[in-house]
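Only a predicted model underlies this, so the values are computations on that prediction, with no experimental measurement involved. Chain A is the first sequence line, chain B the second, and so forth, proteins listed ahead of strands; every chain is numbered from 1.
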There are 2 protein chains.
Amino acid sequence: MNSQHFSTKERILGAAEQLFARLGFAGASLRQVTAAANVNLAAVNYHFGSKENLINEVFRRRLDELNTHRLQALEEALSHPESDLEELLGAFINPALDLSLDRDGGGAFVRVLARAYAEHNDALRKFLSDNYGHVMKRFHAAFAQRLPDLDKEELYWRLDIVAGALTYAMADFGVIKRKSGVTEQQHRERSAEHLIRFAAAGLRAP
Amino acid sequence: MNSQHFSTKERILGAAEQLFARLGFAGASLRQVTAAANVNLAAVNYHFGSKENLINEVFRRRLDELNTHRLQALEEALSHPESDLEELLGAFINPALDLSLDRDGGGAFVRVLARAYAEHNDALRKFLSDNYGHVMKRFHAAFAQRLPDLDKEELYWRLDIVAGALTYAMADFGVIKRKSGVTEQQHRERSAEHLIRFAAAGLRAP
DNA sequence: GTAGCATTCAAACGCGCGTTTTACCTACGA
DNA sequence: TCGTAGGTAAAACGCGCGTTTGAATGCTAC
């Protein structure tokens with residue numbers, strides 16, 4: 001993994017993603033990261049300035065793509081007028097699922113994201129809110145249109161629950177063990193199906 | 001806080017809970033913990049043996065009580081035959097809510113618990129499964145009785161989603177900001193109400 | 001070929017970590 | 001009154017941390 005035909009920066013980002021997912025931001029050291037990336041220790045500070053900044057770049061690399069895909073999927077769903085709640089939920093959930101299934105680190109990244117949630121880091125929250133808040137607003141508007149009887153604030157609460165359950169499901173927090181013969185991909189796909197069904201009913205609750 | 005009329009052990013546990021919630025297990029140092037607890041640095045290793053063991057004791061102290069309360073609430077709900085899905089969900093969710101509202105550290109503990117989920121620590125998972133797996137089995141049986149048409153495995157998935165969303169909600173992961181004039185208690189209480197409504201509908205989904 | 005720049009490298013910096021050691025205090029039963 | 005055990009105290013242990021330094025190397029343009 002992280003073989004030589006990737007650049008030093010890319011190898012560091014990939015190794016950092018893996019190790020942050022496994023050990024946490026405080027738990028993974030730059031010595032472990034650079035060893036896994038097969039680069040010199042000083043390369044992190046040379047290319048990224050600091051560990052803090054490396055963490056930010058790990059997020060930026062994936063989140064830009066994720067949210068672009070989410071908005072594309074939403075527009076696609078909205079473009080044909082017969083789209084139902086499940087399709088809108090799919091536009092939100094499936095890009096995250098796809099990311100988690102992406103070879104080379106997507107699965108690790110969703111765990112990193114879950115850790116970031118748990119860290120409750122204010123700086124990161126602001127970063128997420130500033131950079132990706134408009135995505136949630138866009139989805140909120142779309143859901144509000146499909147659920148005209150639902151109070152706007154109530155909808156915010158419910159979307160927040162959906163986002164939480166999604167994070168939880170993608171990061172494989174749950175107690176449900178993957179059965180032998182079921183790949184990680186299949187496990188996550190089923191997880192997403194269950195989640196969409198569950199969330200659609202939850203959003204429609206009176 | 002952690003004033004002198006608590007024992008050294010209790011002050012360490014309280015301070016550790018607070019700091020683990022805020023900084024994580026790797027992020028909070030024993031020097032910070034002992035300073036906050038106003039005890040000597042060596043007291044942790046004297047009373048608990050190691051940092052690792054201190055972490056375990058932080059969990060044990062709260063989880064025994066939580067699961068006892070959950071099972072009591074479940075029996076109470078089942079005792080009157082008219083109990084509906086919302087009551088069963090309340091038996092699962094409200095003890096966690098009460099714990100999170102407990103003065104002296106319950107609020108911190110639910111965040112510690114959320115961190116533990118995110119850590120994906122195998123030893124901890126086994127500990128939780130061994131010690132508290134029977135609680136989930138008991139709830140599963142109760143829900144299965146109320147939802148006879150729902151496939152058993154489907155129910156496991158959905159309860160897992162509920163547990164995830166609950167963890168997320170109690171730990172205040174969400175992006176929903178607490179409005180000024182709303183206490184943390186009120187915020188969490190509303191969170192629980194929304195969650196019960198949402199989850200009940202989700203569980204009833206066809 | 002060589003100057004100039006970007007990158008890599010080994011080594012070291014000071015610091016804070018978990019843990020251990022050793023001495024000291026205090027209370028209580030013999 | 002003294003010995004002893006339980007608890008607390010300060011100091012130090014070795015280690016791994018993030019970061020910095022300065023020299024060595026590779027690459028590109030002239």
Side-chain angles (χ1 to χ4, degrees), chain A residues 1-61 112 115-116 119 121-124 127, chain B residues 1-61 112 115-116 119 121-124 127:
Chain A
M1 129 167 68
N2 294 313
S3 55
Q4 302 296 345
H5 54 268
F6 289 105
S7 73
T8 297
K9 282 184 83 163
E10 285 166 335
R11 271 183 286 149
I12 291 173
L13 284 170
E17 190 171 62
Q18 298 285 338
L19 286 163
F20 288 155
R22 187 135 30 95
L23 305 171
F25 304 112
S29 75
L30 294 187
R31 280 165 178 81
Q32 290 175 290
V33 169
T34 52
N38 203 25
V39 302
N40 186 270
L41 169 60
V44 170
N45 287 279
Y46 177 77
H47 287 286
F48 297 96
S50 66
K51 184 180 184 179
E52 182 75 21
N53 223 65
L54 169 61
I55 294 172
N56 287 339
E57 289 307 310
V58 166
F59 280 102
R60 194 188 311 279
R61 182 170 72 137
V112 173
R115 275 190 186 270
E119 302 262 329
N121 182 306
D122 281 339
L124 179 67
F127 172 79
Chain B
M1 132 169 59
N2 292 314
S3 54
Q4 301 297 346
H5 54 268
F6 289 105
S7 73
T8 296
K9 281 185 84 163
E10 285 167 335
R11 273 182 285 148
I12 290 173
L13 285 170
E17 189 172 62
Q18 298 286 338
L19 286 163
F20 288 156
R22 187 135 29 97
L23 305 171
F25 304 112
S29 76
L30 294 188
R31 280 166 178 80
Q32 291 174 290
V33 169
T34 51
N38 202 26
V39 303
N40 187 270
L41 169 60
V44 169
N45 287 280
Y46 178 78
H47 286 286
F48 297 95
S50 67
K51 184 180 184 179
E52 182 74 21
N53 223 67
L54 169 60
I55 294 172
N56 287 340
E57 289 307 310
V58 166
F59 280 103
R60 194 186 312 278
R61 184 171 69 138
V112 173
R115 276 189 185 268
E119 300 264 329
N121 182 305
D122 281 340
L124 179 67
F127 172 79

For nucleotides 19-23 of chain D, list the nitrogen or oxygen atoms of the protein found under 3.5 Å from its nitrogen or oxygen atoms, one pair per line.
residue : atom : partner : partner atom : Å
D/dT19  : OP2  : A/Asn45 : OD1          : 3.3
D/dT19  : OP2  : A/Lys51 : N            : 3.0

Over how many whole Å does the gap from [X] atom [atom1] to [N] atom [atom2] extend?
| X | N | atom1 | atom2 | value |
| --- | --- | --- | --- | --- |
| B/Leu19 | C/dG16 | CG | C1' | 16 Å |
| A/Lys9 | C/dA6 | NZ | P | 14 Å |
| B/Asn53 | C/dT19 | CG | C1' | 14 Å |
| B/Phe25 | C/dG18 | CZ | P | 14 Å |
| A/Phe48 | C/dT7 | CZ | P | 12 Å |

How far does CD of A/Glu57 sit from CG of A/Leu13, to the nearest 0.5 angstrom? 7.0 Å

Residues pairing under salt bridge (Lys or Arg N to Asp or Glu O under 4.0 Å) where one sits in residues 13-32 of chain B, two or more places apart or in two chains, turn out to be B/Glu17-B/Arg61, B/Glu17-B/Arg62

Just by distance, do the side chain of A/Arg115 and the backbone of A/Phe25 share a donor-acceptor pair under 3.5 Å? no

Closest heavy-atom contact between [X] and [Y]?
| X | Y | answer |
| --- | --- | --- |
| B/Thr34 | B/Asn40 | CG2-O, 3.5 Å |
| B/Val33 | B/Ala15 | O-CB, 3.6 Å |
| A/Ala28 | A/Leu19 | CB-O, 3.8 Å |

On DNA chain C, compare the nucleotides closest to A/Val39 and B/Gln32; which residue's is nearer the 5' end? A/Val39

